[in-house]
Protein chains: 6
Amino acid sequence: MKMNKIPHLKIMYLNPIGFDAYDPFFAEMIKDNKFPNTEVHVTSLNSKVGLMDNLEYRTYNGLISSELIKATRQASIEGFDALIIGCFYDPHLLSAREISGDMVVVAPCHSSVEIALKLSNKFSVIIGQKKWENEMHHAIKSYGYGEHLASFRDVEMNVCEFQKNHDITANKLFQAAEKAVNEDFAESIILGCTCEFGFYQEIQQKLNIPVIDPSLAALKQAEQAALLKKNYGWKPSRKWSSEAPSEADIAEFGLFKEPFEFGNRIIVN
Amino acid sequence: MKMNKIPHLKIMYLNPIGFDAYDPFFAEMIKDNKFPNTEVHVTSLNSKVGLMDNLEYRTYNGLISSELIKATRQASIEGFDALIIGCFYDPHLLSAREISGDMVVVAPCHSSVEIALKLSNKFSVIIGQKKWENEMHHAIKSYGYGEHLASFRDVEMNVCEFQKNHDITANKLFQAAEKAVNEDFAESIILGCTCEFGFYQEIQQKLNIPVIDPSLAALKQAEQAALLKKNYGWKPSRKWSSEAPSEADIAEFGLFKEPFEFGNRIIVN
Amino acid sequence: MKMNKIPHLKIMYLNPIGFDAYDPFFAEMIKDNKFPNTEVHVTSLNSKVGLMDNLEYRTYNGLISSELIKATRQASIEGFDALIIGCFYDPHLLSAREISGDMVVVAPCHSSVEIALKLSNKFSVIIGQKKWENEMHHAIKSYGYGEHLASFRDVEMNVCEFQKNHDITANKLFQAAEKAVNEDFAESIILGCTCEFGFYQEIQQKLNIPVIDPSLAALKQAEQAALLKKNYGWKPSRKWSSEAPSEADIAEFGLFKEPFEFGNRIIVN
Amino acid sequence: MKMNKIPHLKIMYLNPIGFDAYDPFFAEMIKDNKFPNTEVHVTSLNSKVGLMDNLEYRTYNGLISSELIKATRQASIEGFDALIIGCFYDPHLLSAREISGDMVVVAPCHSSVEIALKLSNKFSVIIGQKKWENEMHHAIKSYGYGEHLASFRDVEMNVCEFQKNHDITANKLFQAAEKAVNEDFAESIILGCTCEFGFYQEIQQKLNIPVIDPSLAALKQAEQAALLKKNYGWKPSRKWSSEAPSEADIAEFGLFKEPFEFGNRIIVN
Amino acid sequence: MKMNKIPHLKIMYLNPIGFDAYDPFFAEMIKDNKFPNTEVHVTSLNSKVGLMDNLEYRTYNGLISSELIKATRQASIEGFDALIIGCFYDPHLLSAREISGDMVVVAPCHSSVEIALKLSNKFSVIIGQKKWENEMHHAIKSYGYGEHLASFRDVEMNVCEFQKNHDITANKLFQAAEKAVNEDFAESIILGCTCEFGFYQEIQQKLNIPVIDPSLAALKQAEQAALLKKNYGWKPSRKWSSEAPSEADIAEFGLFKEPFEFGNRIIVN
Amino acid sequence: MKMNKIPHLKIMYLNPIGFDAYDPFFAEMIKDNKFPNTEVHVTSLNSKVGLMDNLEYRTYNGLISSELIKATRQASIEGFDALIIGCFYDPHLLSAREISGDMVVVAPCHSSVEIALKLSNKFSVIIGQKKWENEMHHAIKSYGYGEHLASFRDVEMNVCEFQKNHDITANKLFQAAEKAVNEDFAESIILGCTCEFGFYQEIQQKLNIPVIDPSLAALKQAEQAALLKKNYGWKPSRKWSSEAPSEADIAEFGLFKEPFEFGNRIIVN
């Protein structure tokens, strides 16, 4: 069977916070970078999870979990081919994958490392706060990439500060990346927050090594995963640890009774 | 300063499900095993999380997360010295520890392994379904105990079946434990579900090796942690990755605005 | 800048043996599966490396190394965006990546595992001979995926036997895959030889879990890598361990003086 | 059966050196911190092992081994519920556990890490000399805690210097702990020598993170282990690698013929 | 400087037990296999350590430690170039190395694995009892060879049984080795007890893979180490963790006051 | 059977480059250090591999592979007992071992670490360029020695510079070694390039810790391996992953048809 064309792909980019101010920025990025035939819904969780604009704490990460699970189930039911959990902590990735039905779930940290390690042997991650490192390091080690990590470098900024003054942020990210290269022997750089968007090209040009933008990485890996699913049937396993709850149990326990209400959606065609 | 007496300890045993049918059983166990001067509140999350009687799926685990975080914060505010997350998956242990204030958080899997490894060099865990292994194995490896794990053995039972027919369960658990000893070279056994209560003594007697009951293990390790906190100030660190969100941020983001409503509480004095 | 279209991609699929009998089969597969705008050259090394039709031995792997390096350099000079080293041993992947200039180098084992682990938590690899396991296991561990490997299962066949009798091979691969699932608890299957082509769909359908064809996996990951390179400048790092020899040294040492002569090329447009 | 009361516990605190000058200090600490109903015998090995006041060298560690084994056996015969090997190297912990009969054996390093990791994700150990690190690091890795270790920091003092000038020691320990926090990102501190007693509170107060005193940690974990043994039968396994020599073999080989003579005992009731 | 000749080498082969019945057998083996110019003293510890003829228990291992340390010091003072600790547990190897002065210390397990891994990628160890595995596995992992270990296989015999009936032992060792090859995919075999002497050649011939005799391996590696020391000054480091106690401290603590009295010595010239 | 004498040993020292300028230096070293009865052929690959005087790049390493495999086969056919691959990258060690027949293959890095770790617990490697570290680190980890590595330290010199000005090199190597000891806590030093010959003694004397010369280490370990092979039949396994291609396949594939032509040989008797 001929599988040359890119089929219509339906992808959700979900900011896993109860706050939609960032959605337009990601929508714009997606508009410029998706395949022509890809439909992307950019949205956030709803305000039930609180109004924090970041997941810098495990507490926040814990608070969004239930709604993220419900959102994943909903996206699967709506027929999305792939879901992007739009936060560099890759929050609840394995849990979301369990309930995703035939939808593939990807996330920025995992996606970025996959790209960086095809282009170099060691990468560093530029984060906002030292605080973030423990949880992200844990994720990277659990994926298996711990031995290839050169370092984390932080710029002492919060998530919400990255987009306040572009020059200051660009400068801080560049300096941290440069130190990662010169002192930690990084061969590639990953920007360790989806809100560090808009900076990768300039740093890449200055340092002349790959600098990976995580939300862009996640978008393109999501399209790839969606494509492979549609063309080759490479959809999530439901065997052993990948088994999902049965529909009978879901009904009995009264789960997912009402459709999940996302925040506003920006649909990018 | 003299610290010989066991101070009054206030502990919460929280079944992290939206279903309180098991609470009386745990209350009874606690009544018989707590220090005289310990006050234990046995409770569950509320029905917002769904009515499942188990966390056998990462999906369920994800669904209870937000309420568990809120419950942890609430218990901390109410002045509990220690919180037990009463499920062998130790769900969201690190997240709960972050928001627990001065309250120590313990969980059955971690508590059980600590006990087993003082008494033997290798342990096996007897679980209900093969499905559980991946998530529990991940936890045990992240604690650092992976090299001491002899095996998981499953008995092909669901959580809710363990207490249906005591003889059948006793027999299945014994047979699995015996195989773990003879074929996997386990030197001690951990019962890998809090609902496997009521069986450890019989198996221990038959096999003549330590058999750890996880909820009992968690209760006693919680009392120990509470005692050390009160007497020596050994309370949770709030530095680096253990830092909690600031009260200012919590207020700004509208988190924890209303007191968390636990399910019914059984207070054991 | 708008990056929605798939640019023209130029990819080489290189069978790293001195024997071109398999080339037409891969060309046919590629024809059916590449993007319309991708140009793929399917070729092999030349007969200098010997006439073996497989790399089942480290010896053979060693014998093809020099020509593979020269071929990689040549492909880079010819302006290919990505090179596929078409053997599941991923032979000399890091060495080829060093000398590849701006061309990205991918290989089937690495590509397959990336896909399998987005769809499951544990995978097994179905190989021809027990002999292969040690070298492939070493590669998988060095990538970081060792903890996610359920098992290798072999079918006691040589590379050249896979395509002799389709029914026998199909049956043997299925039985090995089924055992990997039932006895080793694999959640997905990777066919561990590019010559196991033509079988993945049938086994996937029967087992209802993802079954990854390695040459197809490599083709699609190569297109993805080429696309990311062209659109975002994500090309190989040349820093630290990724540094390549200088052109001055190459000239001084008399390396790559003459253009590398590939075997016959099948050009798939 | 009701197990609410703390039974009478009989614990030995054994300084594993041939030198009893430290015993009164530990007895005083124990007096202030044990349960009312616990009987602790504080003692040392006898002078057969030499008169060194420390185990800073593997040589010394080797020299005390035989007597430590004999002492362990003797304590077991005398009916102690738990034995504390009172040195932060945790010398011969696994060997002592083998011959301890129904007595549980604990040690300060292991006990301290258990406490620190309930309160934080990373700990540092403050030692006297760089020399100590290799052996202690090896122990911590063998327990499984290597990934949670932030660093060792040394204060360039010998064991016997810690108690000479309290102000100097307090200052040095504080400075090392502060560096561990600020430069190595420790979230909790363990004082890495039982002779660093008397300092934890002050440093804890200044740094506002948990600072664990190792002999106090060992005392309380010993009481806990003794309690669990008496109430729940959680006594040492004697299966597989935990099997002890048979009494027949012990008799045949002429081992433990005479009761072991401890140094002077201070009995704390 | 010309270093072609093998200098006079003085080596001690020390059976670390208080029992000299095996000494003549090892002396005979050594006589046949040492360099002409090597002088080997074969001896045991004295009866102070007890009369056990094996170190199958950590208890016994602990009981011989002090005397082993004293013996090591004594051998160093007597000018031996190398010491062999003649037991496959490699008991107290790091401790003995610390106090060995300019003498190199080797041991059978470590020596055997070094040889096996130059000849194969995976080895199995044939031991007497399952009991032995935990301690030996720990040693092999601490050396770094854990990933190359195919398996332990036990023959359910005690140390003292190996030489009782040569035919029975030969048969059992062969069968275990054959299973290690066929079921565990071992590529070489190590006999995991110095008392398994006299069997390696026959098994090696039958299986046609390397079968390493551990005492022979230790002898030849000891000669090699002694040679390198004498010719190139490659003697033990005394820096950092390899630092030994100072002579001043040894004197102050009253250690090693009297020369250590070995058991009977058989001197092989 | 008496095995006291050192039999005639036939060893090849192969510089795996197409450039023989270094051969006389190694021949001189070998002349002074081999056993009287050892015959060593010092040679290089031929100019087919290019004229680079180093293997500092994975590219060069890849370019010499085919000829190295052929050379190994040829040396085996000529009846050499052992082959030394004379480069600290230990290039293609496992591949060469597969096709080596009854000849043992050793290499400088592996040989050096074996020696260093009998004399110390931690070693550092002094290399020319940071660039080398990644590949060498990978090798050391795959041998199992990663946990014992203190550090790499580079002197910012190319291979061909080491022998240009002896004083400058001696000074740089000494300073790097001193830093490795003082800042990285190395207890022994390995010179990480065979072209760092002529320096070990001076640094060893100054630092008073073992400093291992890698080509000397390889020579002596090769003699030892050759001796063990001749006297005890400890020759390479050909089972499982150590299996070599069959002669039938070699003939069918037209491999090794003509004898390999080494560069000039210096025969040291």
Side-chain angles (χ1 to χ4, degrees), chain A residues 1-6 31-36 94 97 104-106 110 114-115 117-122 142-148 181 185-188 200-201 204-205 207-213 216-217 220-221 224-225 227-229 231-242, chain C residues 1-6 31-36 94 97 104-106 110 114-122 142-148 181 185-188 200-201 204-205 207-213 216-217 220-221 224-225 227-228 231-242:
Chain A
M1 199 170 11
K2 292 205 159 261
M3 293 294 177
N4 303 94
K5 297 213 181 129
I6 302 183
K31 194 166 195 264
D32 288 348
N33 291 289
K34 70 177 190 62
F35 290 144
L94 295 192
R97 281 181 175 165
V104 190
V105 185
V106 305
H110 189 257
E114 285 188 320
I115 293 170
L117 286 180
K118 278 195 199 71
L119 306 173
S120 66
N121 297 313
K122 290 266 182 187
S142 79
Y143 300 150
Y145 299 129
E147 297 274 305
H148 298 279
V181 172
F185 304 104
E187 299 171 13
S188 62
Y200 85 91
Q201 283 165 309
Q204 184 166 269
Q205 204 162 18
L207 289 177
N208 198 26
I209 57 169
V211 177
I212 311 299
D213 178 279
L216 183 51
K220 298 309 289 181
Q221 297 289 70
Q224 170 81 338
L227 172 70
L228 298 178
K229 188 195 80 162
N231 282 358
Y232 310 114
W234 291 341
K235 61 183 188 185
S237 175
R238 293 294 161 228
K239 192 70 190 165
W240 302 121
S241 81
S242 296
Chain C
M1 200 172 6
K2 292 206 158 259
M3 293 295 177
N4 304 93
K5 296 213 183 130
I6 302 183
K31 193 168 192 250
D32 288 348
N33 292 290
K34 70 178 191 61
F35 290 144
L94 295 192
R97 281 182 175 166
V104 190
V105 185
V106 304
H110 188 258
E114 286 188 321
I115 293 170
L117 286 179
K118 279 195 199 73
L119 306 174
S120 67
N121 297 314
K122 290 266 181 186
S142 80
Y143 300 149
Y145 299 128
E147 298 274 304
H148 297 280
V181 173
F185 305 104
E187 300 170 13
S188 63
Y200 86 92
Q201 282 165 310
Q204 184 166 268
Q205 204 163 17
L207 290 177
N208 198 27
I209 57 170
V211 177
I212 312 299
D213 178 279
L216 183 51
K220 298 311 289 182
Q221 297 289 72
Q224 170 80 338
L227 172 70
L228 298 178
N231 282 358
Y232 309 115
W234 290 341
K235 61 183 188 185
S237 176
R238 295 293 160 229
K239 191 71 188 164
W240 304 120
S241 81
S242 297

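The sequence lines fix the lettering, A, B, ..., with proteins before strands; numbering per chain opens at 1.
Nearest approach of Asn33(A) to Met3(C), heavy atoms of both residues: OD1-CB, 3.5 Å. Tyr145(C) and Tyr145(A) get closest at one heavy-atom pair: OH-OH, 2.5 Å. When all heavy atoms of His110(C) and Lys118(A) are compared, the pair lying nearest together is CE1-CG, 4.3 Å. The two residues Trp234(A) and Val211(C) come nearest to each other via the heavy atoms NE1-O, 2.9 Å.
Neither the backbone nor the side chain of Lys122(A) comes within less than 4.5 Å of any heavy atom in chain C. Heavy atoms of Val181(C) lying under 4.5 Å from chain A belong to its backbone as well as its side chain. Residue contact with chain C, scored on non-hydrogen atoms closer than 4.5 Å, is absent for Gln205(A). Looking at Ala116(C), there are no atoms closer than 4.5 Å to chain A (heavy atoms on both sides), in backbone or side chain. Proximity to chain C (any heavy atom under 4.5 Å) is shown, for Leu207(A), by neither the backbone nor the side chain. For Tyr232(C), the parts sitting under 4.5 Å from any heavy atom of chain A are the backbone and the side chain alike.
Interface summary for chain C: among Leu228(A), Leu216(A), Val105(A), the most heavy-atom pairs under 4.5 angstrom belong to Leu216(A). Looking only at heavy-atom pairs under 4.5 Å with chain C, the residue among Ala217(A), Ser237(A), Ser188(A), Ser142(A) that has the most is Ser237(A). Note: Ile212(A) leads Ile209(A), Leu117(A), Val106(A), Ile212(A) in heavy-atom pairs under 4.5 Å with chain C. Options Glu147(A), Lys239(A), Glu187(A) differ in how many heavy-atom pairs under 4.5 Å they form with chain C, and the most are formed by Glu187(A). Most heavy-atom pairs under 4.5 Å with chain C: of the set Gly144(A), Ser241(A), Pro210(A), Pro236(A), this distinction falls to Ser241(A). Per-residue counts of heavy-atom pairs under 4.5 Å with chain A were compared for Gln221(C), His148(C), Glu114(C); the largest is that of Glu114(C).
No side-chain donor-acceptor contact under 3.5 Å links Gln201(C) to the backbone of Gly233(A). A donor-acceptor pair is defined here as one N or O able to donate and one able to accept, closer than 3.5 Å; such a pair exists between the side chain of Gln224(C) and the backbone of Lys220(A). The main-chain N or O of Lys34(A) is found under 3.5 Å from a side-chain atom of Asn4(C) such that the two form a donor-acceptor pair.
For the atom pair Asn208(C) CG and Lys235(A) NZ, the distance stands at 5.5 Å (nearest 0.5 Å). Atom-to-atom distance recorded for Leu119(C):CG and Lys229(A):NZ is 10.5 Å, nearest 0.5 angstrom.
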